[in-house]
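Notes follow the structure.
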Amino acid sequence: GSPPLTTDEIVSRLGHNLRFSRSVFQKSRLLLENLEFIPEELSKGAYRYIQDADFLSQNIRRFIEMGILDGMVLDIAHALVAAANHPAYNGLKDIMGTGQAKYFDPVHTGRKYIDALSKYRNDIDILGSFKKYVKLLPVELIREVHISGIQRLQNGVYVDSHDEISRLELEALDFVLDILPVDGDDRVSVTLEYARDPGLIPEQIKILERFCNTAGEQY
């Protein structure tokens, strides 16, 4: 119900919370997680700016230099959703032509943009958009990876539904693990964020285990 926070307000609050967290959890590793992008028509500005690759990268590095942050969590589902929904990454501008340019600022992702997502939903290369987006992030600072299944609504908008992981999410994970500059014994944790049928959790973990142990050969 309130206006969206400005970028300055977001950075100020994050800095305050990180300094407080550092003072309380002095022996813990503090990480910031990337978030998804939901068009303005549905989010009313709540997801504006926060997923922007430049904004995220710049401030993660700044907080690390300040000594109040240790790295980032890359959430695969959030990155897939951001890449598929955000006009800077999903290629809709090229698909529709430059005549529709005014609809491609995140502030203008309203009803007409939702209609475009629905109309061209099968033309969007979500994995290609994901790769383009992730390459703009500070991948050298990733210390943990989260993975869950995403869902596409009837209107063409993607959401993080915490469903079972599919081939799409595993292909995205494969790309991420391949570009991570891991040195020596420094390992990146892969965390399953599945929130549906509890009985399916063991199978999801087995899928991830087979994937990680075979370098993705069996997905």
Side-chain angles (χ1 to χ4, degrees), residues 1-7 10 33-57 73-137 145-176 192-197 200 204 207 219:
S2 62
L5 297 177
T6 67
T7 54
I10 292 172
E33 180 175 338
N34 64 298
L35 294 178
E36 64 266 53
F37 173 75
I38 304 297
E40 300 275 309
E41 174 72 11
L42 302 176
S43 65
K44 310 305 179 186
Y47 289 84
R48 193 183 301 170
Y49 313 126
I50 55 177
Q51 87 304 312
D52 180 78
D54 290 341
F55 176 72
L56 183 64
S57 301
V73 174
L74 179 70
D75 188 295
I76 296 288
H78 290 175
L80 282 168
V81 170
N85 289 342
H86 198 290
Y89 314 112
N90 63 15
L92 263 185
K93 186 173 182 179
D94 296 330
I95 293 171
M96 296 177 65
T98 56
Q100 301 288 335
K102 67 179 180 179
Y103 300 123
F104 293 98
D105 187 301
V107 177
H108 298 298
T109 53
R111 181 71 262 161
K112 290 186 177 181
Y113 182 73
I114 296 290
D115 291 342
L117 278 176
S118 179
K119 181 179 180 180
Y120 296 99
R121 57 187 297 172
N122 295 324
D123 297 305
I124 295 175
D125 175 11
I126 181 172
L127 189 61
S129 300
F130 170 86
K131 292 178 179 179
K132 179 167 68 173
Y133 177 58
V134 170
K135 285 180 179 178
L136 298 174
L137 300 177
V145 176
H146 292 176
I147 186 169
S148 61
I150 64 174
Q151 180 183 1
R152 197 172 210 176
L153 305 180
Q154 283 298 111
N155 59 12
V157 174
Y158 278 96
V159 293
D160 180 12
S161 55
H162 292 93
D163 281 332
E164 297 97 291
I165 51 178
S166 69
R167 184 181 182 89
L168 173 64
E169 290 82 28
L170 288 176
E171 287 180 339
L173 177 61
D174 188 38
F175 172 76
V176 170
L192 175 67
E193 288 194 309
Y194 173 67
R196 298 297 174 180
D197 183 354
L200 296 180
Q204 294 285 289
I207 290 173
Y219 75 86

Nearest atoms (heavy-atom pairs only) where Ala83 meets Asn90: O-CB, 3.3 Å
Short side-chain to backbone donor-acceptor contact, Gln204 and Ile165, under 3.5 Å: yes
Pairwise salt bridge (charged side-chain N to carboxylate O under 4.0 Å, His left out) hits with a residue in residues 41-50, at least two apart: Glu40-Arg48, Glu41-Arg111
Glu169 (side chain) donor-acceptor with Ile150 (main chain) under 3.5 angstrom: yes
Exam field: side chain Asp160 to backbone His78, donor-acceptor pair closer than 3.5 Å: no
Expected output: side-chain Arg152 to main-chain Arg121 donor-acceptor under 3.5 Å: yes
Distance, nearest 0.5 Å, that separates CG of Leu173 from CG of Leu168: 11.5 Å
Test applied, side-chain contact (heavy atoms from CB on, under 4.5 Å); reference residue, Leu117; option that passes from Leu153, Asn155, Thr109, Leu92: Leu92
Under 3.5 Å: donor-acceptor pair, side chain of Ser129, backbone of Tyr89: yes
Set of residues satisfying salt bridge (Lys or Arg N to Asp or Glu O under 4.0 Å) with respect to Asp123, sequence neighbours excluded: none
Rounded distance [0.5 Å steps], OG1 in Thr7 versus CZ in Phe55: 5.5 Å
Glu164 and Ile207, any side-chain heavy atoms less than 4.5 Å apart: no
Closest heavy-atom pair and its distance - Leu35, Ala82: O-CB, 4.2 Å
Side-chain heavy atoms of Gln51 within contact of Tyr133, under 4.5 Å: yes
Validation row: Val81, Ile38 side chains within 4.5 angstrom (heavy atoms): yes
CA sep, side-chain torsions, deciding dist, call: Asn85, Glu36, side chain to side chain contact (heavy atoms under 4.5 Å, CB included): CA-CA 9 Å; Asn85 289 342; Glu36 64 266 53; over 6 Å; no
Side-chain touch Phe130/Ile76, heavy atoms, less than 4.5 angstrom: yes
Non-hydrogen atoms of Ser148 and Ala77 that approach each other most closely: OG-CB, 3.4 Å
Side-chain heavy atoms of Leu136 within contact of Asp54, under 4.5 Å: no
Over all atoms of both residues, closest heavy-atom pair of Ser161 and Gly149: OG-O, 3.4 Å
Residues forming a salt bridge (Lys or Arg N to Asp or Glu O under 4.0 Å) with Asp163, sequence neighbours excluded: Arg196
Check: Asn34 main-chain N/O paired with Asp75 side-chain donor or acceptor under 3.5 Å: no
Check against side chain to side chain contact (heavy atoms under 4.5 Å, CB included), Phe175 and Leu127: CA-CA 10 Å; Phe175 172 76; Leu127 189 61; 5.8 Å; no
Tyr47 atom OH, over 12 foreign heavy atoms within 6.0 Å: no
